[in-house]
Amino acid sequence: GHIGVIDHVLIPTLTLLIQHRSQEEITHEDAEFVLDAVSETVQQIAPAPATLPAGPPRIAGLAVRTPADQLVLEMLVAALSPQGVEIVPEDLTPEQAIKCVLDKPPPLVCIAAISPPRGSEVRKYCRQLRAHTPSTKILVLRPTLTEDTTRAIERMKEAGADCVVATTQAAIEAIAGLSEGRPIPGAR
């Protein structure tokens with residue numbers, strides 16, 4: 001269903017988009033057009049958000065601060081539904097974004113990052129969360145992971161991430177495991 005579309009069509013589209021944009025192979029306008037199209041697709045497959053119960057959210061969604069990263073987070077939320085995920089608004093600065101999560105620490109934070117040079121930003125979020133809310137589980141969704149990124153994953157885990165995954169399918173399985181407190185199959 002949706003998860004296949006997200007992992008096999010939409011996320012690869014964003015990955016290619018970022019590559020072509022970084023190599024100046026497509027214009028900013030073209031990139032915006034594709035982002036809008038992907039965003040509309042996500043809106044169509046994403047169920048309307050249920051009104052969240054009061055109290056801390058079960059899952060807080062935090063993207064590093066670019067539209068593509070925010071879109072990946074929205075895809076994860078679309079795939080996860082109906083679990084309550086509260087997305088940190090994308091117009092906040094990194095400092096405001098992390099404060100937003102720490103104001104009412106959730107049991108689980110999902111950090112989405114697809115832009116390649118964002119590793120340090122992800123690690124900074126992990127360190128801040130780990131320092132301020134040690135019991136919160138941290139899942140990093142990093143679709144650009146390739147096989148040679150064992151070191152990158154280790155560094156994210158050293159910074160405090162509990163689990164680093166490359167697909168929304170893996171993220172959903174990891175979230176189920178983390179929220180039940182059992183070991184995660186296939187977690188690297």
Can you list the residues that meet the side-chain hydrogen bond (donor to acceptor under 3.5 Å, both in side chains) rule with [X], with sequence neighbours excluded?
X    : value
D36  : none
Q96  : T93
K124 : none
E121 : R118

With sequence neighbours excluded, tell me which residues meet side-chain contact (heavy atoms from CB on, under 4.5 Å) with [X].
X    : answer
Q169 : I3, D7, T167, E173
R123 : S120, R127, R155, M156, A159
A37  : none
S135 : T133

Intermediate values then yes/no, side-chain contact (heavy atoms from CB on, under 4.5 Å), I59 and I175: CA-CA 9 Å; I59 302 173; I175 287 167; 3.7 Å; yes
Taking only distance into account, with no hydrogens and no angle test, what donor-acceptor pairs under 3.5 Å do side-chain atoms of residues 63-79 form with protein atoms, sequence neighbours excluded?
from : atom 1 : to   : atom 2 : distance (Å)
R65  : NE     : A63  : O      : 3.2
R65  : NH1    : P89  : O      : 3.1
R65  : NH1    : L92  : O      : 2.9
R65  : NH2    : A63  : O      : 3.0
T66  : OG1    : D69  : N      : 3.3
T66  : OG1    : D69  : OD2    : 2.4
T66  : OG1    : S115 : OG     : 3.3
D69  : OD1    : I114 : N      : 2.4
D69  : OD1    : S115 : N      : 3.0
D69  : OD1    : S115 : OG     : 3.1
D69  : OD2    : S115 : OG     : 2.5
Q70  : NE2    : V88  : O      : 3.1
E74  : OE1    : Q43  : NE2    : 3.4

Mind checking the [atom1]-[atom2] spacing from [X] to [Y]? Nearest 0.5 Å is all I need.
X    : Y    : atom1 : atom2 : value
K137 : L129 : NZ    : CG    : 13.5 Å
L17  : I11  : CG    : CD1   : 13.0 Å
T41  : I6   : OG1   : CD1   : 10.5 Å

Side-chain heavy-atom pair [X], [Y] within 4.5 angstrom cut-off:
X    : Y    : result
I98  : L102 : yes
P107 : T136 : no
V34  : I26  : no

Run the salt bridge (Lys or Arg N to Asp or Glu O under 4.0 Å) test against D103 and tell me which residues pass, sequence neighbours left out. K99
Would you please name every residue forming a salt bridge (Lys or Arg N to Asp or Glu O under 4.0 Å) with E32, sequence neighbours left out? none
Using salt bridge (Lys or Arg N to Asp or Glu O under 4.0 Å), reason through E86 and K104 one step at a time and then give a plain yes or no. CA-CA 11 Å; E86 200 168 286; K104 43 174 188 174; 3.7 Å; yes
Return the minimal non-hydrogen interatomic distance between V165 and A174, and the atom names on each side. CG1-CB, 4.3 Å
Before you tell me yes or no, could you show the steps for V109 and L139 under side-chain contact (heavy atoms from CB on, under 4.5 Å), namely the whole-Å CA-CA distance, both residues' side-chain angles and the distance that decides it to 0.1 Å? CA-CA 6 Å; V109 176; L139 171 81; over 6 Å; no
Please list all pairs passing the side-chain hydrogen bond (donor to acceptor under 3.5 Å, both in side chains) test where one or both residues lie in residues 10-21, with sequence neighbours left out. H20-E25
Check whether any side-chain N or O of D162 sits under 3.5 Å from a backbone N or O of I138 as a donor-acceptor pair, and report yes or no. yes
Let me see the working for C126 and V140 under side-chain contact (heavy atoms from CB on, under 4.5 Å), right down to the final yes or no. CA-CA 9 Å; C126 290; V140 177; 4.0 Å; yes
